[in-house]
Amino acid sequence: MVDGTVAGDPPASAGTSGERETTAPTAIPYLLLAPSLLLLGLLFGTALVLLLALSLSPGAIPVQPGSSVRFLGNYVRFLADTYYLGQLAVTLEIGLLVTAACALLGYPVAYSLAKAPPGRRRLMMAIIVTPLLTDPIIRAYGWVVILGNEGPLNRLLLRTGLVDAPVKLMYNWLGVVIGLVHFLLPFMILSIASVLQKLDVALEEASLNLGHTRFGTFRRVLLPLSLPGVMAGSTIVFTLCISAFVTPQILGGGAIQMLPNLIYQQIVELYDLNFGSAMALILLVVAMGGLLGFQAIARRLWAEGQPS
Amino acid sequence: MYDVRLDGVSKAFGEVEAVRNVSLAVDAGNFLSLLGPSGCGKTTLLRMLAGFVRPGRGEVYIRNQMVNDVPPFRRNVGMVFQNYALFPHLTVAENVGYGLVARKISRPERERRVEEALSLVHLTNFDGRYPRQLSGGQQQRVALARAIVIRPAVLLLDEPLGSLDRKLRERMQVEVRQLQRTLGITTIFVTHDQEEALSMSDLVGVMNGGRLEQLGTPAEIYERPATTFVADFVGTSNRLDGTVVGLDGEESLVQVAGTRQHLRIPQRTGDAPGVPVSIMVRPEYVELTARGGPGDDAPLFGEVRFSAYLGASVRYEVELGEGASLVSLRPRGIDGGGYARGDRVGVRIAPECFYRLAGEPRNRAGAAAGVESDGAIPDSFANGPVGEAGSDEGGSGVGESRRSGGLVPRIGDEPA
Amino acid sequence: MRTGSLRLGSIATWAVLVFLLAPLVVIVAASVGAGGYLTFPPQGFSLKWYAKAVTTEGFVRGFRVSFLVGLAAAAGAAVLGVGAAVAITRHRFPGKAAVEGVLLAPLVVPHIVTGIALLGLFTTLRAPYSLWRLILAHLIITVPYVVRTVAAGLHDQDPCLEEASLNLGRTHLQTFLHVTLPLILPCLLAGSIFAFIISFENYIISVFLAGPSYATLPMELYGYMQYITDPALAALSTMLLAITVGLMLALDRLFGIDRLTLFR
């Protein structure tokens, strides 16, 4: 080191001792956030903690005496009962089925939407968004009219001679799935389209130019690049699907009980807030699991690179 | 009187040191350009003056008032943003009058001053339009009018001409400079365009890696770059490395690396056989002669590797030997029909056009800071990095004007 | 260049779009039927079910409750959401990631869970039935939507505009009122409209919290549907659909229909 011969600026090493300050922290952001945090953090947060507490208290049906699990009685009751587990399985099955159906039906629409000229694009957006903004009860009600024994669909089937007697199209899993697909399809379409429309047209043209067919281009270029949109859409659709109440309630007609319908029953009809709370938390865990699961799959797909 | 003075300011964003120990001062009425590649810290420096960034260390003075803790809205500093930042929901007149409302200026007076400012930027009768109805050049003028109408102590321009096309840009350069002269506003102009910086300014500060590498008049910056970085960044630099092989009176004889050719350059104290030398010359000073033709007594010779027709001039790249080549810019027509690839040519450079860089060998050239703690390099070679400033002539403290333009000099040495 | 696969794709697209519109079209058509049952295609033409819909006491009362709660939630969410959005887009502060998580949490918690949790809370606090319970609950689920839209608007807005205002001598508050707010107003309105729709259409949270005297319109709709099958419900639905379309057009004007991908 040079000792004192270099006057002027201190050596660069001295600079590291200087303050690494960003803008000085002020109270302003906290003041701006205070009302929201009070509502969402304190009120909502407390409610969720209380939900956990309620679920740990014994429900209307007491736990078997001598049971080793004192606090988890409600959970044990759910997890040891094949009926509830069966309904949970039905919920998950319908969730996956609806998600897959939305992806398959939504992709071509999203693609057309992304490629459509502005005028047609607005029309398509209006057609997609209008049901999204319509009350789910009204939408399910429309399907009740269409799918009923006297409904237009059954009449069409009878008239064409495809069937001899009206087909049962609702108050079974089919009606629930149709209703849920209708309920959730817009989310999938918008999610995929938002990714597709950001893709450079030149990528597709380059693939065609290099000799791939349209299908080859789709498989090798579009699909891998739009997979994040599909996965994001699937995450939304799956979590909303297993949490849906109105649509399965109306179109299932009691024959199909998804988890939210069972929870509603416990609380509104059986007044068992404790067991209902436990089921609600199970639903929350399943929904979160779905969320994380789909995200993990998405990440895995990315990590593996483009599927060949 | 200085309108702007920075005293050892530094700023780090997390691990990134955006500005490192910069000191400078600008006289009232002067036009200073801060020139450097993106990320060199020039915009951060400008934002410090505007009050959007607080210096981590050091002090910022505007008109002798320390403003480190003065919020932006009390600084009276006019700023033209890179993308103009015109309020899209306000008309041209409302945009220009925006700062006057904050200053509680009465309506008639405000209207008068807005009109005056708009006429200064040649936008009379545009007052009712919205920014989106204006062209890029017109938006730029509105931004300028908005910044000067508040009669700021300092005008800050953050690459305001960057998004204009070449023709318009050149016209705006002239207009901005004329306006600045007319109003006599102390101005700091940030740009990465060296031509713009050289043509518009009283003074140019070249920045790199958060440091102020050199501060000087445009001519000083161009002809006597203090560091390799400045030499490379401003203009096309031709660099030849070599070794002193002999001394001859006032001159040193240098063997150009990679060749057997020798070059005479003005001698400097400390020159002795074996001392490495780096010299720089601007392409327009590199004369070419036809090999074997009349007047062929050129000290160097080489072979034309490329020639590029540039309109008014022709650019040649001449290879002197392995790893040694020079670029020559010749006015079209001067050397007859010019040279073609493969032609062997004589190369001549007038001794006064050589500029010797600091003694660092090439591989250290980029790391200006590297010289600081290295005592092995003789003082006479240490005319480069900012870190060495003040090592001769008894230090150059802040507040002492030594160079034309009234700037506190940060660069210690005069070139060879 | 038209190829077979392309045409197949566009047929599939329009088939899906028909599927999306089908239940809405059926309801609108059935609402003007003259018969006492809901049928499609409708038999005869009559507007009498519209008359019945607007005079059915439950519908009128439910509409009033839902409209009030929706307006209150939208207004409250606007105020809370703007503050929160400004904080997370324009400020740096410790714990920001956690705060963002809290702000968006109501979006990932199923509404039925939110409803039961709040039912538990209000029951424990012995809070009496009132509109406030509904408004607070709806505020919780709508604030995230406003935060998202407004944050998107702030994100797209050049921060230089605010700096220019400060530079020209306006304080932070003046800058917010004269520059930031006017420029994000469309996004704010769009977010509020969305908040209103979310609140207005909510069934599952209201059903836990409303109690008998504050039944919302979706609760009335669902209740009516259980017992009566006349087209009055379709008439009411058609009117609500008209409001929805109107709001959608407003959303398009304010925010751009394309950007609705943000919502869920």
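Chain identifiers are assigned alphabetically (A, B, ...) following the order of the sequence lines, protein sequences preceding nucleic acid strands; residue numbering begins at 1 within each chain. Note that the structure is a prediction, hence the values are computed from the model and not measured.
- Between A:Ser277 and C:Ile116 the shortest side-chain heavy-atom distance falls below 4.5 Å.
- Using the six-membered ring where Trp is involved, C:Phe208 and A:Tyr264 have ring planes that are tilted, between 30° and 60° apart.
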Enumerate, atom names and distances included, each donor-acceptor pair closer than 3.5 Å involving a side-chain atom of residues 29-40 of chain A, sequence neighbours excluded.
{"from": "A:Tyr30", "atom 1": "OH", "to": "C:Pro94", "atom 2": "O", "distance (Å)": "3.2"}
{"from": "A:Ser36", "atom 1": "OG", "to": "C:Leu80", "atom 2": "O", "distance (Å)": "3.1"}

Review item, side-chain donor-acceptor pairs of residues 128-136 of chain A, under 3.5 Å, at least two apart:
{"from": "A:Thr130", "atom 1": "OG1", "to": "A:Ala126", "atom 2": "O", "distance (Å)": "2.6"}
{"from": "A:Thr134", "atom 1": "OG1", "to": "A:Thr130", "atom 2": "O", "distance (Å)": "2.7"}
{"from": "A:Asp135", "atom 1": "OD1", "to": "A:Ile137", "atom 2": "N", "distance (Å)": "3.0"}

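- Residues A:Val144 and C:Met225 fail the side-chain proximity criterion, which asks for heavy atoms closer than 4.5 Å.
- The number of heavy-atom neighbours closer than 6.0 Å to CD of A:Gln295, taken from other residues, nucleotides and ligands shown, is above 12.
- Scanning all heavy atoms of the two residues, the minimum distance from A:Met124 to C:Trp14 falls at CG-CH2, 4.2 Å.
- Taking both residues in full, the closest heavy atoms of A:Ser112 and C:Thr13 are given as OG-OG1, 2.7 Å, listed atom of the first, atom of the second, then distance.
- Taking the side chain as every heavy atom from C-beta outward, A:Leu185 and C:Phe19 approach each other to under 4.5 Å.
- Under the 4.5 Å side-chain criterion, counting only non-hydrogen atoms from C-beta, A:Ile250 is in contact with C:Tyr222.
- Neither the backbone nor the side chain of C:Ala30 comes within less than 4.5 Å of any heavy atom of chain A.
- Looking at A:Tyr141, the atoms closer than 4.5 Å to chain C (heavy atoms on both sides) sit in the backbone and in the side chain alike.
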